Engineer: 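Right, I'll just put the structure down here and ask away after.
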There are 2 protein chains.
Amino acid sequence: MAKKELFDKELQQLAALFKALGHPARLAVMNHLAETKVCITGDISDRLPLSRTTINQHLRELKDLNLIRGEIDGARVNYCLNTDVIQDMVEQLNKYFQEINCCGTNNKQC
Amino acid sequence: MAKKELFDKELQQLAALFKALGHPARLAVMNHLAETKVCITGDISDRLPLSRTTINQHLRELKDLNLIRGEIDGARVNYCLNTDVIQDMVEQLNKYFQEINCCGTNNKQC
DNA sequence: AAAATATAACGTATTTTTACGTCATGATTT
DNA sequence: AAATCATGACGTAAAAATACGTTATATTTT
């Protein structure tokens, strides 16, 4: 298996972004970080119906794609949205949809 | 497991959309359908490095979320992008990111 | 210095996704 | 009508994602 590698690097990367957002827990984390504009530590888990370890796992996934950042503050870690990267991503996503949806003068359907 | 249900219905739905696009094969399918504006049948599989059955599975997933449509034409099925639904999704997506990224006058970061 | 906190690291069970082959069904062609 | 072709349905093996408990590590607090 693991045939993902057979596709365009670009497609893989784009798919990875979509996938990262493809779980309600991760969207909820993003939401929470957006609400508490002042970037709050991992007590995110108190707000969500998942264990601390699971949330940590989701945080790591988001961090791997640079969608959020974690800054060490003593014993704690302050997480926050990486707004620049997110904005960049939104542009990428929109560009993609423009390409697939509007290419050609007419959107023929079956 | 299966704790997804514990989250907002809206979040779940949005996450489902993202997830559907979270695999390079499905993005490749979308691309192919976009290129061949005239909606072509399942010979999509000839273009991709996956078996016919696997592609069919991916097609079904996209169809389940209404991102594509399949119209029976004799022994064949003509697939095409469901541009309305896709456009709808783009709007949802942008609304979501506006909410999380720009809420509050200042985007505080850590 | 010891106790208490906060987080990451590790290991692991369960579920879901991915990938495919085979068979069944219905349409076209011969 | 038989052969062929296209697709969907079903079953299944392997891989990845999800969810969590326990342990390790580092930092405050006492």
Side-chain angles (χ1 to χ4, degrees), chain A residues 1-7 11-12 15-30 32-33 36 39-65 67-80 110, chain B residues 1-7 11-12 15-30 32-33 36 39-65 67-80 110:
Chain A
M1 266 192 223
K3 298 236 170 174
K4 284 184 193 173
E5 293 84 3
L6 299 177
F7 293 91
L11 271 194
Q12 284 183 54
L17 284 176
F18 278 122
K19 202 172 75 141
L21 301 172
H23 194 288
R26 288 193 286 272
L27 292 183
V29 165
M30 304 268 282
H32 187 262
L33 291 180
T36 64
C39 319
I40 284 294
T41 66
D43 59 7
I44 301 166
S45 32
D46 296 345
R47 299 300 190 109
L48 301 181
L50 291 171
S51 79
R52 196 177 44 71
T53 30
T54 302
I55 295 295
N56 245 313
Q57 209 169 276
H58 286 304
L59 284 170
R60 199 166 49 241
E61 270 174 90
L62 291 171
K63 212 161 56 175
D64 284 349
L65 286 176
L67 296 173
I68 66 174
R69 279 191 299 169
E71 197 156 87
I72 295 167
D73 172 24
R76 306 175 170 224
V77 178
N78 288 331
Y79 283 104
C80 69
C110 53
Chain B
M1 264 187 226
K3 299 238 167 173
K4 282 183 194 174
E5 292 84 4
L6 301 176
F7 293 91
L11 271 193
Q12 283 183 54
L17 283 175
F18 282 127
K19 201 173 75 140
L21 299 174
H23 193 287
R26 289 192 286 272
L27 291 182
V29 166
M30 302 279 281
H32 187 261
L33 290 180
T36 64
C39 319
I40 285 294
T41 66
D43 60 7
I44 301 166
S45 32
D46 295 345
R47 298 302 189 106
L48 301 181
L50 292 171
S51 81
R52 195 180 46 72
T53 30
T54 301
I55 295 295
N56 246 314
Q57 205 169 279
H58 286 304
L59 284 170
R60 199 166 49 240
E61 270 174 90
L62 291 171
K63 211 162 57 177
D64 285 348
L65 286 176
L67 294 171
I68 66 175
R69 280 192 297 170
E71 198 156 87
I72 294 167
D73 172 24
R76 307 177 170 222
V77 178
N78 288 332
Y79 283 104
C80 69
C110 52

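From a predicted model like this one, the values you see are computed outputs, not experimental measurements. Just so it is clear: chains get the letters A, B, ... in the order the sequence lines come, proteins before strands, and each one is counted from 1.
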Engineer: Taking the nucleotide of DNA chain D with the nearest heavy atom to each, does Asp73(A) or Glu61(A) sit closer to the 5' end?
Structural biologist: Glu61(A)
Engineer: OP1 or OP2 of dG8(D) less than 4.0 angstrom from a side-chain nitrogen or oxygen of Asn56(B), does that happen here?
Structural biologist: yes
Engineer: Below 4.0 angstrom from OP1 or OP2 of dC20(D), is there any side-chain N or O of Ser51(A)?
Structural biologist: yes
Engineer: Hey, which of Leu33(A), Val29(A), Leu62(A) is the one that makes side-chain contact (heavy atoms from CB on, under 4.5 Å) with Leu67(A)?
Structural biologist: Leu62(A)
Engineer: Please check: side-chain N/O of Arg26(A) versus main-chain N/O of Ala20(A), any donor-acceptor pairing under 3.5 Å?
Structural biologist: yes
Engineer: NA contact type, Leu50(B), heavy-atom cut-off 4.0 Å: base, sugar-phosphate, or nothing?
Structural biologist: sugar-phosphate
Engineer: In whole angstrom, give the distance that lies between atom CG of Leu62(A) and atom P of dT18(D).
Structural biologist: 11 Å
Engineer: For His58(B) and dT17(C), what is the distance between atoms NE2 and P respectively, to the nearest whole Å?
Structural biologist: 12 Å
Engineer: Would you kindly give the CZ-to-P distance between Arg69(A) and dT7(C), to the nearest whole Å?
Structural biologist: 18 Å
Engineer: Just N and O in the side chain of Lys19(B): are any of them under 4.0 Å from OP1 or OP2 of dT16(C)?
Structural biologist: no
Engineer: Would you indicate which nucleotide in dT18(D), dC20(C), dG8(D) comes nearest to any side-chain atom of Gln57(B)?
Structural biologist: dC20(C)
Engineer: Round to the nearest Å and state the distance from Gln12(A) atom CD to dA16(D) atom P.
Structural biologist: 13 Å
Engineer: Any chance you could measure Lys63(A), atom NZ, to Arg69(A), atom CZ, to the nearest 0.5 Å?
Structural biologist: 12.0 Å
Engineer: For Ala25(A) and Arg76(B), find the nucleotide of DNA chain D closest to each by heavy atoms; which residue's nucleotide sits nearer the 5' end?
Structural biologist: Arg76(B)
Engineer: Report yes if a side-chain nitrogen or oxygen of His23(B) is closer than 4.0 Å to either non-bridging phosphate oxygen (OP1 or OP2) of dA16(D); otherwise report no.
Structural biologist: no
Engineer: Taking only N and O in the side chain of Thr54(A), is any of them less than 4.0 Å away from OP1 or OP2 of dC20(D)?
Structural biologist: yes
Engineer: Donor-acceptor pair, Gln12(B) side chain versus Phe7(B) backbone, under 3.5 Å?
Structural biologist: yes
Engineer: How many angstroms lie between CG in Leu59(A) and CD1 in Ile68(A), if you round to the nearest 0.5 Å?
Structural biologist: 4.5 Å
Engineer: Any side-chain N or O of Tyr79(A) below 4.0 angstrom from OP1/OP2 of dA6(C)?
Structural biologist: no
Engineer: Could you tell me the separation between the CG atom of Asn78(B) and the P atom of dA6(D), rounded to a whole number of Å?
Structural biologist: 13 Å
Engineer: Between Arg26(A) and dT18(D), is there a contact of a side-chain N or O with OP1 or OP2 at under 4.0 Å?
Structural biologist: yes
Engineer: If you only use heavy atoms from C-beta on, which nucleotide in dG21(C), dC20(D), dT7(D) is closest to the side chain of Thr53(B)?
Structural biologist: dG21(C)
Engineer: Separation of Ile55(A) atom CD1 from dT18(D) atom P, in whole Å?
Structural biologist: 12 Å
Engineer: Could you tell me whether the side chain of Thr54(A) and the main chain of Leu50(A) form a donor-acceptor pair under 3.5 Å?
Structural biologist: no
Engineer: Distance check needed: dT7(C) P versus Ile68(A) CD1, whole Å only.
Structural biologist: 13 Å
Engineer: Within less than 4.0 Å of OP1 or OP2 of dT15(C), is there a side-chain N or O belonging to Lys4(B)?
Structural biologist: no
Engineer: Grab the CD-C1' distance between Glu5(A) and dA15(D) for me, whole Å please.
Structural biologist: 12 Å
